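Predicted, not measured: the structure shown is a model, and the values here were computed from it.
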Amino acid sequence: MIVSVIVFALKDEVREAMDQEAVKNHLENLVEEYKQVPGLKEKTFFMNPENLDQGAVLVWESQELLDQYLESDLYKTAVTDICQGEPRFETYPVTATLKDGVLL
């Protein structure tokens with residue numbers, strides 16, 4: 001199991017078009033789409049309220065399934081199409097969880 005953390009700034013035109021209702025509707029749609037992603041065990045979305053930077057923590061069954069996601073249309077529309085520049089992306093092996101205990 002692995003965890004990936006992604007953080008990115010929004011393109012100016014996306015940030016300027018955002019309002020509370022638009023963000024809520026967008027996230028509701030994304031949550032439903034992400035429930036269907038193979039190998040994705042959990043995803044937590046977050047946003048910096050000061051500059052509206054976006055991010056997520058994702059838990060994956062395997063690196064292979066994460067790699068497939070990174071090549072998907074969903075990743076393109078949910079991240080790269082609205083991202084200014086390149087997202088900051090880090091991946092780590094999961095060592096323990098509250099549900100599964102120690103995984104080392």
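- With hydrophobic clusters built from ILVMFWY side chains whose heavy atoms lie under 4.5 angstrom apart, Val94 shares a cluster with Tyr92.
- Clustering ILVMFWY residues whenever any of their side-chain heavy atoms sit less than 4.5 angstrom apart, transitively, puts Met47 in the very cluster that holds Tyr34.
- Val7 has its side chain within reach of Phe46: a pair of non-hydrogen atoms, C-beta onward, lies under 4.5 Å apart.
- Comment: Glu32 engages Lys35 in a salt bridge, judged by a side-chain N to carboxylate O separation of less than 4.0 angstrom.
- Taking 4.5 Å as the limit, some side-chain heavy atom of Asn25 sits within range of a side-chain heavy atom of Glu21.
- Arg88 meets the salt bridge (Lys or Arg N to Asp or Glu O under 4.0 Å) test with no other residue; sequence neighbours excluded.
- Phe89 and Ser4 get closest at one heavy-atom pair: CZ-CB, 3.7 Å.
- Taking CG of Asp53 as the start and CZ of Arg15 as the end, the distance is 7.0 Å to the nearest 0.5 Å.
- Linking Ile, Leu, Val, Met, Phe, Trp and Tyr whenever their side-chain heavy atoms come within less than 4.5 Å leaves Leu52 and Val5 in two separate clusters.
- Residues Trp60 and Thr91 are not in side-chain contact: their nearest non-hydrogen atoms beyond the backbone lie 4.5 Å or more apart.
- Interatomic distance, OG of Ser62 versus CD of Gln68, reported as 7.5 Å (0.5 Å rounding).
- In this structure, Leu104 places its CG atom where more than 12 heavy-atom neighbours from other residues, nucleotides or ligands lie under 6.0 Å away.
- Hydrophobic cluster membership is shared by Phe45 and Leu74, with clusters built from Ile, Leu, Val, Met, Phe, Trp and Tyr side chains linked at under 4.5 angstrom.
- With a 4.5 Å cut-off on side-chain heavy atoms, Leu10 and Met18 count as touching.
- Other residues, nucleotides and ligands place no more than 12 heavy atoms under 6.0 Å from the CD atom of Glu71.
- Of the candidates Val37, Ile6, Leu66, Ile6 is the only one forming a side-chain contact (heavy atoms from CB on, under 4.5 Å) with Tyr75.
- Residues Met1 and Leu65 do not share a hydrophobic cluster, defined by chaining ILVMFWY side chains whose heavy atoms lie under 4.5 Å apart.
- Around CD of Gln20, the count of heavy atoms belonging to other residues, nucleotides or ligands within 6.0 Å does not exceed 12.
- Checking side-chain atoms of Glu42 against main-chain N and O of Leu40 turns up no donor-acceptor pair under 3.5 Å.
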Tell me, with the steps shown, if Lys76 and Asp73 meet salt bridge (charged side-chain N to carboxylate O under 4.0 Å, His left out). CA-CA 5 Å; Lys76 183 180 183 313; Asp73 289 339; over 6 Å; no
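- Side chain of Lys11 to main chain of Asp81: a donor-acceptor pair is present (N/O by atom type, distance under 3.5 Å, no hydrogens or angles).
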